[in-house]
Amino acid sequence: MARYEPKTAEPRQQQRWSDANAFVTKDTGRPKYYVLEMFPYPSGNIHMGHARNYVMGDVVARHKRAQGFDVLHPMGWDAFGMPAENAAMERGIHPKGWTYSNIANMREQLKLLGLSLDWSREFATCDPEYYGKQQAWFLELFKRGLVYRKDAVVNWDPVDNTVLANEQVIDGRGWRSGALVEKRKLNQWFLRITDYADDLIEGLKTLNRWPEKVRLMQENWIGKSKGATLWWPIAEAPAFLPASPEGEPNHARDPIEVYTTRPDTLFGASFLALSADHPLTRAIAEHRPDVADFIKACAQTGTSEVDIEKAEKLGVDLGVRVRHPFDPDKTLPVWAANFVLSTYGSGAIFGCPAHDQRDLDFARKYDLPVTPVVKPDDVDTIEIGTEAYVGPGRIFNSDFLNGLDVEAAKAAAIAKVEEQKQGRAETIYRLRDWGVSRQRYWGCPIPVIHCPSCGVQPVPADQLPVVLPDDVTFDVPGNPLARHPTWKHVKCPSCDQDATRETDTLDTFVDSSWYFARFTDPTADAPIDKAAADHWLAVDQYIGGVEHAVLHLLYARFITRALTDAGMMSVKEPFAGLFTQGMVVHETYRRADGQWVEPTDVDLTNDAGVRSARQLSTGEALVIGDIEKMSKSKKNVVAPAEILESHGVDAGRLFVLSDSPPERDVQWTPGGVEGASRFVQRVWAEFDGYDASVPGDEAANTALIRETHKAIKAVSEGVEGFRFNSAIAKLYAFLATVRDAKDTGGEARRQALSALARLVAPFTPHVAEEAWSRLGEDGMVLDAPWPVYDPALAADDEVVLPIQISGKRRSEITAPRGAASADVEAAALANPAIQAYLSANGVSVKKVIVVQDRIVNLVVG
Ligand code: ANZ
Ligand code: ZN
């Protein structure tokens with residue numbers, strides 16, 4: 001018997017697939033199935049996490065193909081973004097060269113995995129053919145009012161004179177210059193995602209093949225909140241606030257607008273707080289240095305909600321007082337406070353310290369009144385110490401709201417402010433419009449022209465794509481497009497005067513928000529070929545990391561809606577099914593001097609359960625560290641190429657799926673891949689040893705067929721339910737059964753092996769093809785139909801029948817399947833437990849009812 005040689009067999013099978021163009025998408029009129037894994041960023045190499053992701057998708061694709069679907073399973077590259085520019089700045093490599101050579105490298109690595117991908121549809125988002133189509137639909141959305149410009153805050157590095165992305169700000173400083181980062185306002189481009197806020201929430205309800213967790217994260221991110229806007233009239237203002245001319249905002253007189261979700265607590269209000277950015281705060285800062293300093297201090301803390309939540313509460317009294325809407329005699333002080341976000345609601349709140357923790361922390365710090373107005377139903381009084389009461393209850397201390405519960409009081413308070421024209425009911429969202437401007441080179445140019453006379457002009461369709469210039473420099477910070485000598489100088493398409501191109505490029509999340517639609521016809525003249533998109537979309541199964549649970553998926557859902565509304569396709573939800581897979585993790589090893597050591601340089605010993613590690617190259621003792629996500633910085637990366645080289649592709653594929661449920665992390669261990677490799681050998685051995693001329697023993701053959709159908713059922717359920725690890729466990733068990741069934745042969749054994757080859761094919765496709773040929777089958781196992789489970793053949797030949805007396809189970813018997821009623825009846829009456837029951841209770845059997853293969857009922861009296 002010959003040993004299976006993955007090194008020769010695997011390339012042979014890959015060549016066969018490639019010669020047959022086996023993975024080029026076909027539309028043969030069978031039902032369609034679109035499998036997509038989140039496309040990779042071309043960082044340089046395929047890592048284990050990629051491999052696990054793409055192998056999972058490949059299992060689905062091959063299984064669906066075997067089930068008779070026309071499968072679309074494409075691959076491409078999410079190729080714009082900062083790392084390419086960083087490489088340019090640090091190592092003087094052009095972003096384009098860096099990106100395309102990484103792509104070439106990673107394509108080769110991916111191809112080694114034997115994935116059933118349609119490479120004829122491949123594209124990179126940095127191909128002008130792709131981003132040009134993106135510019136075309138961007139202008140369509142511009143025409144439809146979904147694209148606009150407004151001032152927005154950016155991170156500004158005052159030394160490098162450049163805008164920084166959030167990830168380039170480290171502890172409040174620029175990553176290169178180390179300078180304290182400032183907030184600056186720049187005019188930037190936005191997409192009106194908030195127009196779809198409600199629809200994006202509603203749509204989540206239809207996504208029943210998405211993880212509940214992801215739907216919840218999206219819902220929280222959109223953050224719909226129902227409440228009221230209230231206008232608080234100014235009662236006193238500092239004399240230095242000038243009265244503005246008619247028609248302009250007048251800070252000395254205009255009421256302050258506040259958003260609240262708790263109008264029921266209005267009688268507990270003890271102050272108003274404005275954001276540092278609020279127009280009134282700014283107006284006062286012009287006359288008060290302490291307020292100006294406060295604004296400056298706020299600009300230096302992070303802008304994320306988490307940063308603000310963590311920061312110590314700080315504020316300054318602005319010397320303004322406002323009148324309470326329900327009590328004209330009562331006035332409240334107005335403060336500026338660092339916990340009020342300028343970008344939410346109206347950037348102003350009323351503080352009710354008794355029932356909001358942030359307000360309470362603030363009130364305790366600045367000695368502001370704390371007035372409880374809600375108490376739980378089961379207490380007489382409520383004391384507020386350092387914890388606000390945020391639970392349900394009844395309103396007190398609150399005039400016309402007294403005695404109402406929280407919900408009724410909200411409604412009553414809103415009715416009253418609306419009646420008195422002091423506010424209105426309002427639903428707002430946490431979701432902000434999507435700022436898509438990036439002041440960088442390596443992205444899709446925003447296709448507009450700024451004309452001094454005509455303003456913003458879209459680039460005419462026949463001048464698309466607006467292509468990035470190649471001759472750019474990275475030796476100085478800032479946007480190379482903005483300082484390119486000629487690129488931005490153009491004529492206005494309307495008046496032909498000198499004008500300038502927009503030099504901002506698009507956020508790379510735009511590139512990944514529609515690529516799945518482009519894959520349905522990547523060479524179409526239109527951005528999306530409607531017929532192709534209508535045929536293939538939605539993606540039936542999307543697979544990727546949970547780190548994309550919010551932004552990428554939300555943006556893709558938004559752009560899909562926007563393009564569908566623009567008539568380019570017909571779906572609302574791009575991804576009907578979503579699976580989020582876990583990471584590949586590995587132990588970490590560290591030297592005494594703190595250096596991390598690569599697993600290949602580690603010698604592990606296990607001495608009676610005590611594990612220790614030594615560095616192979618130096619002999620030094622190592623500390624075995626935590627099991628962590630594979631990362632370059634911790635040096636705990638195992639490259640897929642190493643495994644494929646040493647154990648073969650099939651073993652590597654099997655291993656990344658076998659050790660833990662797909663949604664969980666999988667720990668890489670050398671032992672794991674060796675087990676997978678032995679399985680592959682054993683699969684081959686069964687086929688290699690098969691002799692069609694041996695008839696086998698009849699009973700053993702029947703038993704093998706039964707086990708075959710049980711395996712078909714279990715593996716199919718595992719694959720369909722995304723429980724690949726349990727499907728693989730069933731395959732291991734089935735292989736053992738086939739191996740141990742020594743007395744089998746003939747057609748029964750052939751059927752068992754035929755099923756085995758087809759069941760392992762999605763996981764270990766190469767050895768499956770070899771096995772299929774060895775069985776003498778024509779064609780490829782790839783195109784063989786998925787084995788069909790036959791419950792009759794899987795049925796055991798004995799059944800267990802419960803025996804009931806007056807509806808209660810008293811015993812059971814085992815009988816041959818389909819046994820005659822008379823035989824079953826006799827066996828039931830002879831059953832010792834039943835005889836004991838009858839004599840103990842002094843009763844006898846009046847009637848026996850046998851339900852074939854199910855149950856025996858005894859009527860006694
Ligand atoms: C008074 C009040 C009393 C509030 C109370 C809460 C509890 P969500 O649910 O997230 O929408 N708020 C409003 N605008 C804000 C801003 N720009 N920055 C920080 N906080 C802001 O939260 C709405 C609540 O958050 C609002 O209801 C407001 O405080 C605060 F017992 O108004 B509330
Ligand atoms: Zn013009």
Side-chain angles (χ1 to χ4, degrees), residues 197 219-230 232 256-278 281 298 303-309 311 313 315 324-325 332 335-363 370-375 382 384 387-393 395 397-398 401 406 409-410 413-414 417 423 425-432 448-460 490-501:
E219 191 176 335
N220 289 339
W221 187 264
I222 300 166
K224 182 171 182 169
S225 112
K226 285 190 176 152
T229 293
L230 308 173
W232 297 69
I256 299 177
E257 185 172 303
V258 151
Y259 178 74
T260 180
T261 47
R262 297 293 306 272
D264 55 307
T265 65
L266 255 170
F267 286 97
S270 59
F271 63 92
L272 251 54
L274 315 183
S275 71
D277 236 17
H278 194 280
T281 314
C298 287
T303 47
S304 77
E305 271 171 55
V306 186
D307 292 339
I308 287 165
E309 206 69 47
K313 304 279 170 296
H324 194 285
L332 273 57
W335 288 62
N338 66 344
F339 65 91
V340 182
L341 306 166
S342 63
T343 50
Y344 188 63
S346 56
I349 64 156
F350 78 78
C352 177
H355 304 295
D356 182 285
Q357 193 58 44
R358 294 167 301 181
D359 298 350
L360 184 61
D361 296 345
F362 192 75
V370 177
T371 315
V373 291
V374 185
K375 64 178 183 217
I382 180 166
I384 303 293
E387 232 172 87
Y389 177 70
V390 297
I395 309 294
N397 261 344
S398 297
L401 298 176
V406 165
K410 284 180 182 172
I414 292 175
V417 292
E426 191 142 350
T427 297
I428 67 168
Y429 299 87
R430 224 188 116 230
L431 184 67
R432 302 268 73 93
V448 302
I449 290 165
H450 299 276
C451 169
S453 328
C454 316
V456 169
Q457 296 295 309
V459 172
V490 288
K491 296 286 179 206
C492 168
S494 288
C495 70
D496 210 35
Q497 283 179 46
D498 286 349
T500 51
R501 280 192 195 289

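Both backbone and side-chain heavy atoms feed into the values below; hydrogens, waters and symmetry mates do not. All ligand and atom numbering here is 1-based and tracks the order in the structure.
- The CG atom of Leu332 sits 5.5 Å away from the CH2 atom of Trp232 when rounded to the nearest 0.5 Å.
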### Task
Please step through side chain to side chain contact (heavy atoms under 4.5 Å, CB included) for the pair Ile222 and Arg430, ending with a clear verdict.
CA-CA 6 Å; Ile222 300 166; Arg430 224 188 116 230; over 6 Å; no
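- His324 places a side-chain N or O within donor-acceptor distance of the main-chain N or O of Leu266, the cut-off being under 3.5 Å.
- Listed by chain and residue number, Phe362, Tyr366 satisfy the ring pair (Phe, Tyr, Trp, His ring centres under 6.0 Å) test with Trp335 (two or more places apart in sequence, or in another chain).
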Cut-off 3.5 Å, no hydrogens considered: what does the side-chain donor-acceptor table look like for residues 344-357, sequence neighbours left out?
from: Tyr344; atom 1: OH; to: Ser225; atom 2: OG; distance (Å): 3.4
from: Ser346; atom 1: OG; to: Glu257; atom 2: O; distance (Å): 2.7
from: His355; atom 1: ND1; to: Tyr389; atom 2: O; distance (Å): 2.7
from: His355; atom 1: NE2; to: Val373; atom 2: N; distance (Å): 2.9
from: His355; atom 1: NE2; to: Val374; atom 2: N; distance (Å): 3.1
from: Asp356; atom 1: OD1; to: Arg358; atom 2: N; distance (Å): 3.0
from: Asp356; atom 1: OD1; to: Asp359; atom 2: N; distance (Å): 3.1
from: Gln357; atom 1: OE1; to: Ala388; atom 2: N; distance (Å): 2.8
from: Gln357; atom 1: NE2; to: Asp361; atom 2: OD1; distance (Å): 3.1
from: Gln357; atom 1: NE2; to: Thr386; atom 2: O; distance (Å): 2.9

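- Protein neighbours of ligand 1 below 4.0 Å, counting non-hydrogen atoms: Ser225, Tyr259, Thr260, Thr261, Arg262, Thr265, Phe339, Val340, Leu341, Tyr344, Gly347, Ile349, Phe350, Cys352, His355, Asp356, Arg358.
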### Task
Could you check Ser453 against Cys492 for side chain to side chain contact (heavy atoms under 4.5 Å, CB included), going step by step and ending with a plain yes or no?
CA-CA 9 Å; Ser453 328; Cys492 168; over 6 Å; no
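- Here the Zn ion (ligand 2) has protein N, O or S atoms under 2.8 Å from it, and they come to 4.
- A donor-acceptor pair under 3.5 Å is absent between the side-chain atoms of Ser270 and the main chain of Val370, judged by distance alone.
- Taken from CG in Leu230 to CD1 in Ile256, the straight-line distance is 12.0 Å, to the nearest 0.5 Å.
- Atoms NZ and CD1, on Lys375 and Ile395 in that order, are 10.5 Å from each other to the nearest 0.5 Å.
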